[in-house]
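Keep in mind that what you see is a predicted model, and the values were worked out from it rather than measured. Within every chain, numbering begins at 1; the chains are lettered A, B, ... in the order of the sequence lines, protein sequences first and strands thereafter.
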There are 2 protein chains.
Amino acid sequence: MPKIGAEPIRKAALINATIHEVGKAGSLDVTVAQIAKRAGMSPALAHHYFGSKDQIFLHAMRFILKTFGDSVRDELKSNDSRSRVVAIITASFASQNFQRETVSAWLNFYALALTNTDAARLLRVYHRRLRSNLLVALRPMTSRPDQVAETLGALIDGVYLRSVLSARPTDGDSARQLVLDYLDEALA
Amino acid sequence: MPKIGAEPIRKAALINATIHEVGKAGSLDVTVAQIAKRAGMSPALAHHYFGSKDQIFLHAMRFILKTFGDSVRDELKSNDSRSRVVAIITASFASQNFQRETVSAWLNFYALALTNTDAARLLRVYHRRLRSNLLVALRPMTSRPDQVAETLGALIDGVYLRSVLSARPTDGDSARQLVLDYLDEALA
DNA sequence: TCCTTAATTGACTGATCAATCAAGAACAGG
DNA sequence: CCTGTTCTTGATTGATCAGTCAATTAAGGA
């Protein structure tokens, strides 16, 4: 079976399996064995490619943040400011970012950032970038872009948090609408 | 040493120790031994009084939510609607609820609610009560109390989340101000 | 005094898991 | 065909911990 070039495929499978297992379990207490099994390989191989369980988590987290960043970039093609802000909000609640398992994994990685400095650094990069994107778009629209950006960021995080904890299935559209309504009020 | 009546004292000490250890560790991965040590007793005694580690966590979580509820009740003495909304917001960011360790413990209990149905139930009760309090206060002030209550709740959670993850020390006053500014916009 | 009951712990058990290692299997290049 | 490299796993180790239990201490009541 050793077709050369397995490494990137195996790594991707492990990252994908990690997000699903963490999301499904709702906890970082998933064993390397579980992850490896879902990814279709032995636990030893997972260690072979990533070195440690922490590294597996970190790469999974990086993947989530990168995916999010990519969807923001895709939506940021528009020219006028309002569209750009709306684009960021839309990306936040796009279905691939707002699936229950993804958000559940996301929450657990937030908790991980309390203990793991690498995770914290990743998260800070993501926050800074989101903030910067929002600021650029907001500056022409309001006299207090900093405050609106801060509020928008917190609101998005809060809506995420509540969505994953509510009993109802996650509804990206109404979540998006809530944030957009705030935006209209703030810019009125 | 068996002075009768140790139970409530021991339990309180364990709950307090749990919040501090979880907050300090930034994770629910604290051992019963750690908690018991901080509380000044043996791990066996902790099991004797609470039965299981899960029960220890659950009681600690209940304590945090109750403390929060108490501070809301204290602030809710006012008569006019606006003061009542402000009171809830103020209580949310009062120092005893907004200490780094408390918020850190809070975040981890949120994550716990993803797996533990008892924890989820506790959280739902808290959300429902907060929402109900906000609704009563908001109804005379706006034509869309549901939406404002939902946004306020999410915003508070989001601000909490960000406060514990930022490198800077947590600042309850500016957090409170951010939420109050939203309130003014929403009611304008 | 003696007996019951609460308080308390040290020692132990059983289970779980991350990480390691040595060895096997299959391909590519010479 | 060898030979080295990549891929892969079963078996094992070493450590950690939740939870149990039997035994000890001391108070309070009869």
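Following rounding to the nearest Å, B/L14 (CG) and D/dG19 (P) show an atom-to-atom distance of 14 Å. A straight line from CG of A/D29 to C1' of C/dA18 spans 13 Å, rounded to a whole angstrom. Rounding to whole angstrom units, CZ of residue B/R10 and C1' of C/dT8 are separated by 8 Å. Taking atom NZ on B/K11 and atom P on C/dT8, their separation rounds to 13 Å, with Å as the unit. We find that CD of B/E7 is positioned 10 Å from P of C/dT8, with the value rounded to whole Å. Spacing between atom CG of A/L28 and atom P of C/dA18 amounts to 12 Å, rounded to whole angstrom units. Summarising the geometry, the separation between CD on B/E21 and P on D/dC17 is reported as 12 Å, rounded to the nearest angstrom. For the pair A/L45 CG and C/dA23 C1', the interatomic distance rounds to 15 Å; values are reported in whole Å.
If you check residues 105-113 of chain A against DNA chain C, you find no residue with a heavy atom closer than 4.0 Å. A heavy atom lying under 4.0 Å from DNA chain D marks the following residues of residues 46-57 of chain B, by number: B/H47, B/S52, B/K53.
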Look for any protein N or O under 3.5 Å of an N or O in nucleotides 10-13 of chain D and output each such pair with its distance, or none.
none

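For the salt bridge (Lys or Arg N to Asp or Glu O under 4.0 Å) condition, the pairs that include at least one residue of residues 36-48 of chain A, sequence neighbours left out, are A/E21-A/R38. The salt bridge (Lys or Arg N to Asp or Glu O under 4.0 Å) contacts involving residues 81-95 of chain B comprise B/R82-B/D184, where partners must be two or more places apart or lie in separate chains. For residues 105-114 of chain A, no pair satisfies salt bridge (Lys or Arg N to Asp or Glu O under 4.0 Å), with sequence neighbours left out. Pairs engaging residues 63-72 of chain A under the side-chain hydrogen bond (donor to acceptor under 3.5 Å, both in side chains) rule: A/K66-A/D70, A/D70-A/R73, A/S71-A/N97 [sequence neighbours left out].
For B/R131 and B/D146, the salt-bridge test passes: some basic side-chain N is under 4.0 Å from an acidic carboxylate O.
Partners of A/D74 by side-chain contact (heavy atoms from CB on, under 4.5 Å), not counting sequence neighbours, listed by chain and number: A/K77. The side-chain hydrogen bond (donor to acceptor under 3.5 Å, both in side chains) test applied to A/Y182 returns no partner, not counting sequence neighbours. The side-chain hydrogen bond (donor to acceptor under 3.5 Å, both in side chains) test applied to B/S132 returns no partner, not counting sequence neighbours. Take B/Y160 and apply the side-chain hydrogen bond (donor to acceptor under 3.5 Å, both in side chains) test, not counting sequence neighbours, and it matches no residue. Under the rule for a salt bridge (Lys or Arg N to Asp or Glu O under 4.0 Å), A/R176 has no partner lying at least two apart in sequence or in another chain.
When only modelled atom types and interatomic distance are considered, A/Q177 and A/D173 share no side-chain donor-acceptor pair under 3.5 Å.
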